[in-house]
Enquirer: 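For reference, the structure I am asking about is given below.
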Amino acid sequence: MHQSSSIAQHPAPVDRRIALALHAAQGAATSAPGLTLTQHEPLAQPRTVAEIVEMAEGRGWSQVFNALKSKGLLAEQTLGHVVAQWLASVERTDLLR
């Protein structure tokens, strides 16, 4: 997928959805089973949606996922899992309205 240089200013709907999914998944990582951090390894600050969109500029979403995961911000195995979980939560929310 080709990333345009204006993604941070005007993200396409699919880019916005992926950024929202990654943003929402960050909270789950702090309480993920099996997550262990050493004393010298503080948990990174979660990124805002805007920061996540900016990270994607000139990079693929897989690279953004890997960067967030390497900082301990994501617990999911793949970007696909992140998006699928987010879509399921959005659908549940829509059903409750």
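Sequential numbering from 1 along the given sequence is applied to the chain's residues. These figures come from a predicted structure and were not determined experimentally.
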Enquirer: Where do Pro11 and Val53 come nearest, in terms of heavy atoms and distance?
Expert: CB-CG1, 4.2 Å
Enquirer: Looking only at heavy atoms, which two atoms of Leu73 and Ala44 are closest? And how far apart?
Expert: CD2-O, 3.2 Å
Enquirer: Is the shortest side-chain heavy-atom distance between Gln26 and Leu22 below 4.5 Å?
Expert: no
Enquirer: Are the side chain of Gln85 and the backbone of Ala25 linked by a donor-acceptor contact shorter than 3.5 Å?
Expert: no
Enquirer: If the condition is side-chain contact (heavy atoms from CB on, under 4.5 Å), which residues does Ala84 pass it with, not counting sequence neighbours?
Expert: none
Enquirer: Kindly compute the distance separating CG (Leu74) from NE2 (His81), expressed to the nearest 0.5 Å.
Expert: 13.0 Å
Enquirer: From Gln77 CD over to Lys69 NZ, what is the distance, rounded to the nearest 0.5 angstrom?
Expert: 5.5 Å
Enquirer: Looking at CG of Asp15 and CD of Glu57, how far apart are the two atoms once the value is rounded to the nearest 0.5 Å?
Expert: 10.5 Å
Enquirer: How long is the span from the CE atom in Met55 to the CH2 atom in Trp61, to the nearest 0.5 Å?
Expert: 9.0 Å
Enquirer: Between Arg17 and Val90, is there a side-chain heavy-atom distance shorter than 4.5 Å?
Expert: no
Enquirer: On a heavy-atom basis, which atom in Glu51 and which in Pro46 lie closest, and how many Å separate them?
Expert: OE1-O, 4.3 Å
Enquirer: I'd like to check Ile18 versus Val82 (side-chain heavy atoms, cut-off strictly below 4.5 Å). Are they in contact?
Expert: no
Enquirer: If I compare all heavy atoms of Leu79 with all of Ser62, which pair ends up nearest, and what's the gap?
Expert: CD2-N, 4.1 Å
Enquirer: To the nearest 0.5 angstrom, please state how far the NE2 atom of His23 sits from the CD1 atom of Ile52.
Expert: 6.0 Å
